[in-house]
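Atoms within a ligand are numbered from 1 in the order they appear, just like the ligands themselves. In what follows, every heavy atom counts, from backbone to side chain, and hydrogens, waters and symmetry copies are set aside.
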Amino acid sequence: MKKPIAIAILSILLLAVSCSQSKEDAAVVSPPVVYASLQEMLPFKFGESVNPNRLRNNTVYSGIAAKECNSITPENAMKFNSLHPAENSYTWTDADYIVNFAQTNGAKRIHGHTLVWFQALPDWVKNNTGDAQVFENIMKTHIQTVVAHFKGKVTSWDVVNEAFNDDGSLRDNIWKQKLGDDYIARAFQYAYEADPNALLFYNDYGQEYAPAKRTAIANMVANLKSRGIRIDGIGLQFHLILSQSETNISNAINWAASTGLLVHISELDISLNKDKAQNFSPTQDLLEQQAAKYGYVVKTYNTAVPKAQKFGITTWNVGDADSWIPSYQGAPDAPLPFDVNYNRKPAYYAIIDAVK
Ligand code: G3I
């Protein structure tokens, strides 16, 4: 055999061997990722807010909630108007159903939402002409009764929700009008007295784009602490739009971590239909951008928040068919990690890939 031909044959053989070796090496180094479930793959709790009727009537929905998450927030069933529709009557059926679902599907943590909010109030509160004493009694009795009912079952509460404006001023809502600026402190104190073992959160939106709101919340936390009033955590709702900047997102997460409290990303969704187009349907490109943003949120949370402060990340409901956004904005959207048929979207895989 001539020398150049022998060399060529040898080179081809060597190349074939090295290719098959690198394939084997690659197989050894990176086994295929099995995306078992969010609760199994994340190093912190993954939660979903849920709706009791969907849990009852849609087995795909309840199956996803059972499988994917280990923390549950009732989306509406523990709000004032749901639990306490008339002054002397409470309706526990829906909230109890969710609690039972969470307990019997893997002992999921239950996060209560929410005790004191200016929305979701029944008419008997909204239209009440009573004075400060009457309203003190309404707030106190509501908190005591609700927290006592779920004592030992609900791990944590959003005690006060959305009390500040974006400019950092205290929202001029019915509670402030009737009870004065210090109602927040008393709400936390009543919740603590009703269940000293519950973790108590302040929950709000907009910390990613409203630095003045962050400052107001931090001042409120410092004030409560200086007075010996218990507060355990901060909820960053994170109802995000796709164009929300990474800097804003990381500023909010870093700020929450700097309070030293537990940090809950409590209502995560990422809206895609910024123009509110009536014929909106998500393109693959939009879904990939959404996945990248979900990944950024999860990666930043995982790296910036110390382990002891990680309360977890909760999405605001399960799939795109369940989101509050389409009815709120009057146009379709696709903000969650599961699509309308509960198939996993690129965002789902990005959440898991972000912690690898
Ligand atoms: O249950 C009634 C139903 O009987 C009735 O036929 C129907 C007609 O409008 O209304 C139904 O109630 C609606 C309820 O959602 C259940 O779907 C209320 O009108 C509607 O106001 C309510 O909206 C909820 C909203 O909070 C106000 O409570 C959304 O689902 C819920 O996603 C949203 O969640 C809030 C968080 O609590 C706080 N952070 C912001 C977040 C989004 O707004």
Got a protein heavy atom sitting under 4.0 Å from [atom]?
| atom | value |
| --- | --- |
| atom 21 (O) of ligand 1 | no |
| atom 38 (C) of ligand 1 | yes |
| atom 1 (O) of ligand 1 | no |
| atom 15 (O) of ligand 1 | yes |
| atom 41 (C) of ligand 1 | yes |
| atom 5 (C) of ligand 1 | no |
| atom 9 (O) of ligand 1 | no |
| atom 12 (O) of ligand 1 | no |

Checklist line | Side-chain touch Trp157/Met78, heavy atoms, less than 4.5 angstrom | finding: yes
Note to self: Could you check whether any side-chain heavy atom of Tyr301 comes within less than 4.5 Å of a side-chain heavy atom of Phe44, counting everything from C-beta outward?
What the structure shows: yes
Next item on the list: Would you mind telling me if ligand 1 is within reach of the side chain of Tyr328, the backbone, both or neither, using heavy atoms under 4.0 Å?
Entry: neither
Check: Which part of Tyr205 is near ligand 1, with near meaning a heavy atom under 4.0 Å away: side chain, backbone, both or neither?
Finding: neither
Margin query: For Thr314, run the side chain to side chain donor-acceptor pair (under 3.5 Å) check against His113, His111, Lys45, His264 and tell me which one passes.
Written below: His264
Check: Do ligand 1 and Trp117 have nitrogen or oxygen atoms that lie under 3.5 Å from each other?
Finding: no
Next item on the list: Could you check Asn173 against Glu162 for side chain to side chain donor-acceptor pair (under 3.5 Å), going step by step and ending with a plain yes or no?
Entry: CA-CA 10 Å; Asn173 65 23; Glu162 301 172 7; over 6 Å; no
Next item on the list: Could you tell me whether Lys176 atom NZ has more than 12 heavy atoms of other residues or ligands within 6.0 Å of it?
Entry: yes
Classify the angle between the aromatic ring planes of [X] and [Y] as parallel (below 30°), tilted (30 to 60°) or perpendicular (above 60°).
| X | Y | value |
| --- | --- | --- |
| Trp175 | Phe135 | perpendicular |
| Tyr349 | Tyr35 | perpendicular |
| Tyr328 | Trp324 | tilted |

Item checked: Atoms of ligand 1, numbered as shown, that sit under 4.0 Å from any heavy atom of Glu162 -> 38 (C), 39 (N), 40 (C)
Margin query: Using a 4.0 Å cutoff against the non-hydrogen atoms of Asn161, which atoms of ligand 1 qualify?
Written below: 38 (C)
Note to self: Regarding Lys345 and Asp339, does a basic nitrogen lie under 4.0 Å from an acidic carboxylate oxygen?
What the structure shows: no
Check: Do Phe311 and Phe201 make the cut of ring centroids closer than 6.0 angstrom?
Finding: yes
Notebook entry, point to check: What protein heavy atom is closest to atom 34 (O) of ligand 1, reported as residue, atom name and distance in Å?
Noted result: Trp316 NE1, 3.2 Å
Notebook entry, point to check: How close does the nearest protein non-hydrogen atom get to atom 17 (O) of ligand 1, and which residue and atom is it?
Noted result: Asn76 ND2, 4.4 Å
Check: Between the candidates His239, Glu75, Lys79, Glu267, which shows the shortest non-hydrogen contact distance to atom 33 (C) of ligand 1?
Finding: Lys79
